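Have a look at the structure below, then the notes.
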Amino acid sequence: MSGSDASASSTLKAPPAQFDLPKLEEGILRSWEENDVEGRSLRQGAEAAHGKGDRPSYAFYDGPPFATGLPHYGHILPGSIKDVVPRYKSMCGFAVERRFGWDCHGLPIESLVESDLGVHGQAEIEAYGIDKFNAACRAGVLRFTAQWRQTVGRLGRWVDFDDDYKTMDPSFMETVWWVFRQLWDKGLIYEGHRVQPVSPMLGTPLSNFEVAQGPQEKDPVTRKEGHKRVQDPSVTIRFALEDEEGAYLWAWTTTPWTLPSNLALAVHPDLTYVKVRVVETGEIAYLEPGRLADYQARERVGATEELSRIKGKDLEGRPYVPLFPYFAKYREHEDGSRWAFKVVCAEYVSTESGTGIVHQAPAFGEDDYQVGQREGLPLVRPMGLDGKFDETVPDFAGQFAKDADKAIIAALRDGDKLVDQDTLVHPYPHCYRTDGPLLYMALSTWFMKVEADRDALVANNAQIHWVPEHVGSGRFGNWLGQARDWNLARNRFWGTPLPIWRCDKNPEEMVCVGSIAELEELAGMAPGSLTDLHREFIDPITFPSAKTPGGTMQRVTEVFDCWFESGSMPYAQNHYPFDADRKEYVENNLPADFIAEGLDQTRGWFYTLHVLANALFGRPAFKNVIVNGMVLAEDGKKMSKRLKNYPDPNEVISKYGADALRAYLISSAAVRAEPMRFSEKGVRDTVRMVVLPLWNAYNFLATYASADGWSPQAADLDHRPESPLDRWMLSRVQAFVGQLRAELDDYALSNVVPAFQSVCDDLNNWYIRRGRRRYWRGRDDAAAHDKQDAYATLFSVLTTICHAIAPTIPFFSEWLYQRLMVDTGLAGEGEDSVHLRAFPEVQADRRDEALERDVAAVRQAVALGLAIREREKIGVRRPLAKITIAAPDETVRRAVQTYADEILGELNIKALDVRADDSGLVTLSAKANFKALGKRLGKRMKEVAGAVAKMDAAAIAAFSASGSVELAGETLGAEDILIERQVSGDTAAEAAEGMTVLLDTKVDDALRREGLARELINRIQNLRKTADLDVSQRISLRLRCGGELAAAARDETLAAMIRAETLAESLEVSGDEAGGAHTHADEIDGDNVVVGLDPR
RNA sequence: GGGCGUGUAGCUCAGUUGGUUAGAGCGCUGCCCUGAUAAGGCAGAGGUCGGAGGUUCAAAUCCUCCCACGCCCA
């Protein structure tokens, strides 16, 4: 990328003074653009999809978002996941096709266009013209694609927007037809009814989405959206039993307009009903006794006399006289058996309201419809979508259903069929557009059979690797287990039309068209003349019936549920099977290797992909899926544009950087499908905790390498260094690479960033911290080869980490790669980006687990030593004479002995004493091992535990020696008692698992003076820093001080140390003057000191 | 109403087949260290483990009910 820079030196450049991640990222974006880096990566995938290239393909499906809104965190989170995995797989040698997709059809855009045009509902749209309406949808649907491309690109996501797929493309739509035709041929498609909410004023059925958009008055009781509290009639009607003279069934309804369509009465099979005589009128009635009491309590019914009790199921089948004459023909089948107007059983009948006997109009309620289907009742729907009664109900013909309520009630009263009339205020769904009440009615629609194939769906699901696992086995698995047939059709306009042509003379005769060519042939059109499959082009196409003389085949009016289109995406994005070029690719890459979407897609895209792949190919649609949880606002609420309770994603990226946002998101609970609270502070902290440590490490290397003129090109980077510190760090990095590979191979993204932070911590706070002096030596130093090792090791460690983290933080890793490999001329042909390189392999021969354990022991000893110094208030600058480390484990003892210099240097101590026995340092106490003893002892546990706790030093010693003890009548073995070590409060000691550390806190004159010398060095270094001197600047130094400080500064050895540490070529100590270009006055142990220095 | 999750320190989260001082990181406070670091080290404060019952010698963990939040379905 900077290959054009002819003057590129092979040494590392000094690091930039400022760390500005967003700015750095924008530079990387430009260089990716200039050098076609993203394009080269994407083309590898595209080539594989066309059967070219030599890389094995890794199939990734990108789920299409609706393009009608702007991208938000609900897209950015899965977008990040969808970038990390393909980048990783690309670095692992696969070709990953990554095509962006757009969901173009459906309600979101239709609703927007309805608003824009001010045209609402089926009738208005048809009057306006489907062609014009669809043209407006087409023109508007991609209005935000530029913003999407900008945000997704800025996020660093590599995905092909040029070769994207759109569900409105003719090629996509043709494959949807093909998919449907396959289902048709397999006999999986049937015509049926579904009860749907209808807005009568719009003359249109509404989707659940539209219903929920209704009046925003959230009902305080049901808390249902889209409902509004209205007053409705509440009527109780008597139905005369045919088989019992003078006896009636009392039923209740709030929708009198459905009574003309009554076909049955439902009772709960297990409820008990009473037969009573109303004292006042002598009428005999059946109903549920609790409900009767309620009517009586409200004084709607007078006193009654109970005659008998009967179970609901014993009422089943009893015939009654039709309430109205209109559909009395359904009373009996042709064979004379009872058909309608009888009592049926239904579990859903409740006793919360009404009479316990429910009026059934199968065309006007979901429950009624189900009961009607089960009982074989006819479907009677005496009105169209406009809600007006037709001629089959002559008394009310032309009246709107709700308006007819009054007349119907009056008719019932006149016929003496009304027991009670009241009103009721209750929540009822209303139209989001017209504000009028919705009517539920059974409408004809098209279904795909799913229920029959549940077993196969479940079996195929077992092959899918779900992350997290519980979504697959729980939510998704349960859903499959009770899957219902899929209503595929919508009475809408902007969608892929159902390719069914029906004969106008014989509705039974249908043709399902599976391709454009087939339709052209049927309709006698010139091949290639049909270029668009939307309704305005397809609906007018008719052709003569092949079976019914004089019949004309006309398309049914419905379009597909847009979920059917997105579920067809694996085939449709490749124009399968029509595109010969990609046919094989599609077949070879089913199921896909990987998809990722949000938890809300469980019943959405995940489901439709699965159902269609199962129906078409008998296979699952994907092998691995990461399900992310929902991103909530910081307050735990849903993110809401209206409430503005979250920061704009573009602003967050330009403020903190995309790498920070990505790292933050993919480390969150959301990648385990749990909800996460998005916090801007979290992103900010991620810069500091994830990106900066790596920058700091590079900064260190670059600072010294450029000062030293060290060149990685001249170095032997494969050299096996001798220093244990180097070997440890190299081993540590191999462990990191292995861990990252394991996590990524398992699609467990949430652990990637913590593993990276951990290795950076070891790099910065142990490897560099302990090794920094190795980089200070001059060129001619006798230990020059050690310095070479130090540079080479640090360089190779940074390079490896840079590659391994590249999929996660693509920008900073690219920047680092440019500095380490490209600027220095190490990158070869085609290696100009880290993202075109191979992911690091684990080099097992560089792993040294024993060494890693040793270093862990050393670091523990240091931590304990620092804790003691803290408690004893002895700063680390003050040297101490001796540290004693007691450890029973021999390998630990050998480790601290071997790396004694590290411990002594880090803790500023002169001598180390290692021993096995810590008996002089700690007191021992005994505790029962509950886990081991609990099961065995049961109730005696408490008593024995008490006895163990009381063991004294002698008893513990005896137990340690023999490995067994008798307590409270129980024989306890070595496993049953835990010995705990505790240092006594008055010794300078600390104990931890397997190790006890003691410091000798006695300070003699020599130690004290050395401590003072180090204090002086500290003041001088601080002054150098405030004076902003270069780290290699030589100085001359003057100190004004007296007493012990002067004695320390005049001591020959200590003075040499001061000069060496501070790069002082001269050192004067006087009692009065300490002038110079830079001076600083301070106090050490109560004595004044003035430091003066001049650059030389 | 149903299904699936979630609820542990101010924040983000660990917490193994139930096992006895409930942990980490961040933040806060104090001290220390600094010849790379925008850092770092050591410690401290901070918890009715959502609530109530129950099982058990022993419950954050198992059971029941309830509450809150999220997604999906009705």
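This structure is a prediction, so every number in the text was calculated from the model and none was measured. Residue numbering restarts at 1 for every chain, and letters A, B, ... go by the order of the sequence lines.
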Might you list the N or O atoms of the protein lying below 3.5 Å from N or O atoms in nucleotides 58-62 of chain B, with each pair's distance?
none

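Here A/Trp466 and A/Phe476 bring their ring centres to under 6.0 angstrom of each other.
Residue contacts shown for A/Ile768 include a base, since a base heavy atom lies under 4.0 Å away. Using a 4.0 Å heavy-atom distance criterion, A/Gly934 is classed as a base contact. A/Arg677 comes within contact range of the sugar-phosphate backbone alone, with a heavy-atom separation under 4.0 Å but no base atom that close. As judged by a 4.0 angstrom heavy-atom cut-off over every strand, A/Leu1063 is placed among the base-contacting residues. A/Ala1060 comes within 4.0 angstrom of a nucleotide base, judged by non-hydrogen atoms across all strands.
Applying the 6.0 Å contact sphere to CD of A/Glu975 captures no more than 12 heavy atoms from other residues, nucleotides or ligands.
For A/Ala863, taking side-chain heavy atoms from C-beta onward, the closest of the listed nucleotides B/C13, B/C42, B/A38 is B/C42. Listed candidates were B/A43, B/U21, B/C33. Nearest to the side chain of A/Val876 is B/C33. Each of B/A38, B/A36, B/C57 was ranked by its minimum atom distance to the side chain of A/Trp695; first place goes to B/A38. Closest contact between the side chain of A/Asn764 and the listed nucleotides B/C72, B/G70, B/A36 involves B/A36. Between B/A14, B/U34, B/A38, one nucleotide has an atom nearer to the side chain of A/Asn1018 than all others, and that is B/U34. Taking the side chain of A/Leu692 as heavy atoms from C-beta on, and the options B/U6, B/C72, B/A38, the nearest nucleotide is B/A38.
Partner of A/Leu21 under the side-chain contact (heavy atoms from CB on, under 4.5 Å) criterion, chosen from A/Asp659, A/Ile809, A/Leu692: A/Asp659.
Between B/G35 and A/Arg772, no contact under 4.0 Å exists linking OP1 or OP2 to a side-chain N or O. For A/Arg672, a side-chain nitrogen or oxygen approaches OP1 or OP2 of B/A14 to under 4.0 Å. Distances shorter than 4.0 Å separate some side-chain N or O of A/Arg688 from OP1 or OP2 on B/G27. OP1 and OP2 of B/C42 both lie 4.0 Å or more from every side-chain N or O belonging to A/Arg869. Phosphate contact (OP1/OP2 of B/U34, side-chain N/O of A/Arg877, threshold under 4.0 Å): present.
Here B/U34 presents its P atom at 9 Å from CD of A/Gln1021, a figure rounded to the nearest Å. Atom CG in A/Asp762 sits roughly 21 Å away from atom P in B/U37 (whole-Å rounding). Distance A/Arg684 CZ to B/A38 C1': 13 Å, rounded to the nearest Å. In this structure, CZ of A/Arg770 is placed 18 Å from P of B/G40, rounded to the nearest angstrom. One atom, CZ of A/Phe476, and another, P of B/C4, lie 16 Å apart when rounded to the nearest Å.
Spacing of P atoms, B/G44 relative to B/U37, comes out at 29 Å, to the nearest Å. The separation of B/A74 from B/C28, taken at their C1' atoms, amounts to 48 Å, rounded to a whole angstrom. Taking atom C1' in both B/G25 and B/C63, the straight-line distance is 34 Å, to the nearest Å. Using atom C1' as the reference point in both B/C72 and B/G10, the two lie 33 Å apart (nearest Å).
The residue among A/Lys681 and A/His470 whose nearest nucleotide of RNA chain B is located toward the 5' end is A/His470. Nearest-nucleotide assignment on RNA chain B puts the 5′-proximal partner with A/Arg1059, out of A/Asn765 and A/Arg1059.
Side chain to side chain, A/Asp761 and A/Trp766 fail the donor-acceptor criterion of an N or O pair below 3.5 Å. With no hydrogens or angles considered, no side-chain donor-acceptor pair links A/Tyr607 and A/Gln601 at under 3.5 Å.
Salt bridge absent: A/Arg859 and A/Glu902 never bring a charged side-chain N and a carboxylate O closer than 4.0 Å. Salt-bridge formation is detected for the pair A/Arg878/A/Glu1015: a Lys NZ or Arg NE/NH1/NH2 atom is positioned less than 4.0 Å from an Asp or Glu carboxylate oxygen. Taking a cutoff of 4.0 Å between a charged side-chain nitrogen and a carboxylate oxygen, A/Glu1065 and A/Arg1059 do not qualify as a salt bridge. A salt bridge links A/Glu1010 with A/Arg1014; the closest basic N to acidic carboxylate O contact falls under 4.0 Å.
In terms of polar N and O atoms assigned as donor or acceptor, the side chain of A/Arg475 comes within less than 3.5 Å of the base of B/C71 in a complementary pairing. A donor and an acceptor atom never sit less than 3.5 Å apart when one is taken from the side chain of A/Glu1061 and the other from the base of B/G35. A donor and an acceptor atom sit less than 3.5 Å apart, one in the side chain of A/Lys931 and one in the base of B/U17.
Of the nucleotides present, B/C63 is the one that pairs with B/G53 by Watson-Crick or G-U wobble criteria, both distances under 3.5 Å.
A/Trp815 carries A/Arg819 over the face of its six-membered ring, with the cationic atom under 6.0 Å from the centre and within 45° of the normal.
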